[in-house]
Student: 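I'd like to ask some things about the structure below.
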2 protein chains.
Amino acid sequence: MVQRSNDEIRGDLSYLFDKASQALAARMTTALADLDITPRDYCVLTKAAPGELTQGELAEIALLDKTTMVVTMDNLEGAGLARRTPCPEDRRARIVQTTDEGREVVEKARTVIDGVYEDVLAVLPEKQRAAFLDALVALVGTDGPLSAVEPTPNAPRRRSQRSSRSA
Amino acid sequence: MVQRSNDEIRGDLSYLFDKASQALAARMTTALADLDITPRDYCVLTKAAPGELTQGELAEIALLDKTTMVVTMDNLEGAGLARRTPCPEDRRARIVQTTDEGREVVEKARTVIDGVYEDVLAVLPEKQRAAFLDALVALVGTDGPLSAVEPTPNAPRRRSQRSSRSA
DNA sequence: TATTGTTATACTCTATAACTATA
DNA sequence: TATAGTTATAGAGTATAACAATA
């Protein structure tokens, strides 16, 4: 295995972020696998907790495409963690509710996730840790230079939709 | 658009890293698009600079599968930025060399990338910036809690390779 | 006509398998 | 037999398009 030195990667911000994101995602996926859910399941499940959102609203909050949401909900419903209920006001829509089991799983998952975060951030001294999170929020949060929701570079290309950008 | 508050995202380390990685990647892709190369092209191109590595060695250093490397090299060669030369010692292998144009592009790209990094990190005061990078390296670098090369969670699953793990 | 959720499908990315030519 | 690079293709993820029911 080829390993780059710490000095070398310090100047490669892309690498640092990519690696941090991937490695943490891998740890999260592994940690949540014991509960038989994916990070995305957890994301949707927590946001559905209030129990008054439609599938579409939930998709928007969780930053998922509505078709991706269908797949996610199929899984959650199949696993007995969430339920689709007809919306009284709009018979096209469906309210998403977490089941008792779903709430239990979310609670356990919360503990697991906190443990992972704690474990990861433990390498930073208390004070440095706070400063680190502050900096990250400054970069990623509202009005930060990395807050922009630029078009996903990875998304399937639109069907040649030429010269209709600023029209 | 739904926007989570800075307070809320501060506790969501996964989100912070994912967003930072994605947003920076988007900026990089956009910035490098003017030079008609992708971040991966740049990565390979710089590492090929010494000009004495085979395609396989290059793939290992750039952390790419050898088949992905083929595609990348096809692009680079098609764009006239790199060249495949038969290896004198091993007629199966090919040495990858950057062309004059390739070196020019790398140089320009280096400037572009430094500009993006500078622009992004500019929101952090000088001292905080150094501490931030130190912390990131501590997390991601050698022996850090996020240095592990766990199996890519996104990779196509192996063809059911059961119970042959620790055998 | 517009919108919610669904199904079918297309596209991107990356890796495994099979192959050719060397070693 | 094993390895370097290639080609073909499969798998995973996510999005667009078309559709049914309803607004």
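Below, read A as the first sequence line, B as the second, and so on, with proteins coming before strands; counting in each chain starts at 1.
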Student: Name the residue closer to the 5' end of DNA chain C, choosing between A:D90 and A:D74 according to the nucleotide with the nearest heavy atom.
Tutor: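 Final value for this comparison: A:D90.
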
Student: Rounded to the Å, how far apart are A:R40 CZ and D:dT14 P?
Tutor: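 It works out to 5 Å between those atoms.
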
Student: To the nearest angstrom, how far is A:E77 atom CD from C:dG5 atom C1'?
Tutor: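 Atom CD in A:E77 sits about 12 Å away from atom C1' in C:dG5.
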
Student: Sub-3.5 Å donor-acceptor pair from the side chain of B:D41 to the main-chain atoms of B:T38, do we have one?
Tutor: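 Such a contact is found between B:D41 side chain and B:T38 backbone.
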
Student: Nearest whole Å is fine: how far is C:dT4 P from A:R84 CZ?
Tutor: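 Rounded to whole Å, this separation is 16 Å.
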
Student: For the pair A:R10 and A:D7, find out whether any cationic side-chain nitrogen is under 4.0 Å from an anionic carboxylate oxygen.
Tutor: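 No, A:R10 and A:D7 are not salt-bridged.
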
Student: Kindly say whether A:A25 contributes a backbone atom to a donor-acceptor pair with the side chain of A:T29 at under 3.5 angstrom?
Tutor: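 Side chain of A:T29 to backbone of A:A25, a donor-acceptor pair under 3.5 Å: yes, one is there.
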
Student: How many whole angstroms separate atom CG of B:D18 from atom P of D:dT14?
Tutor: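 Distance, rounded to whole Å: 11 Å.
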
Student: Can you say whether a donor on the side chain of B:T54 sits under 3.5 Å from an acceptor on the base of D:dA4, or the other way round?
Tutor: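 Checked by distance alone, the answer is no.
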
Student: Among side-chain atoms of B:R94 and B:T54, is any donor-acceptor pair under 3.5 angstrom?
Tutor: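 Not at all, the side chains of B:R94 and B:T54 share no donor-acceptor pair under 3.5 Å.
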
Student: Whole angstrom is fine here: how far is it from CG in B:L64 over to P in D:dT6?
Tutor: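 That distance rounds to 14 Å.
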
Student: Which nucleotide sits closest to the side chain of B:T67: D:dA8, C:dA23, C:dT6?
Tutor: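 Closest nucleotide among those given: D:dA8.
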
Student: For A:K66 and D:dA17, give me the distance from atom NZ to atom P, rounded to whole Å.
Tutor: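 In whole Å, D:dA17 P and A:K66 NZ are 11 Å from each other.
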
Student: Can you tell which of D:dT7, C:dT6, D:dA2 lies closest to the side chain of A:Q55?
Tutor: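 Out of D:dT7, C:dT6, D:dA2, the nucleotide with an atom closest to A:Q55's side chain is C:dT6.
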
Student: Of the nucleotides D:dA15, D:dT3, C:dT6, which one has an atom closest to the side chain of B:R92?
Tutor: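 The answer is D:dT3, which lies nearest to the side chain.
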
Student: Whole Å only: how far is the CG atom of A:D41 from the P atom of D:dG13?
Tutor: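 Between P of D:dG13 and CG of A:D41: 11 Å.
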
Student: Does B:T68 put a side-chain nitrogen or oxygen below 4.0 Å from OP1 or OP2 of C:dA15?
Tutor: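 Checking B:T68 against C:dA15: at least one side-chain N or O falls below 4.0 Å of OP1 or OP2.
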
Student: Let's see if you can work this out: which of C:dT4, C:dT16, C:dA21 has an atom nearest to the side-chain heavy atoms of B:D65?
Tutor: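 Closest nucleotide among those given: C:dT16.
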
Student: Between B:F132 and A:F17, how do the two ring planes meet: parallel, tilted or perpendicular, split at 30° and 60°?
Tutor: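 Taking A:F17 first and then B:F132, their aromatic rings sit tilted (interplane angle of 30° to 60°).
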
Student: Whole Å only: how far is the CD atom of B:E89 from the P atom of C:dT22?
Tutor: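 Spelled out: CD on B:E89 to P on C:dT22 is 16 Å.
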
Student: Using only heavy-atom distances, decide whether a donor-acceptor pair under 3.5 angstrom links the side-chain of B:R91 to the base of C:dT22.
Tutor: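 Answer is no: no donor-acceptor pair is held.
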
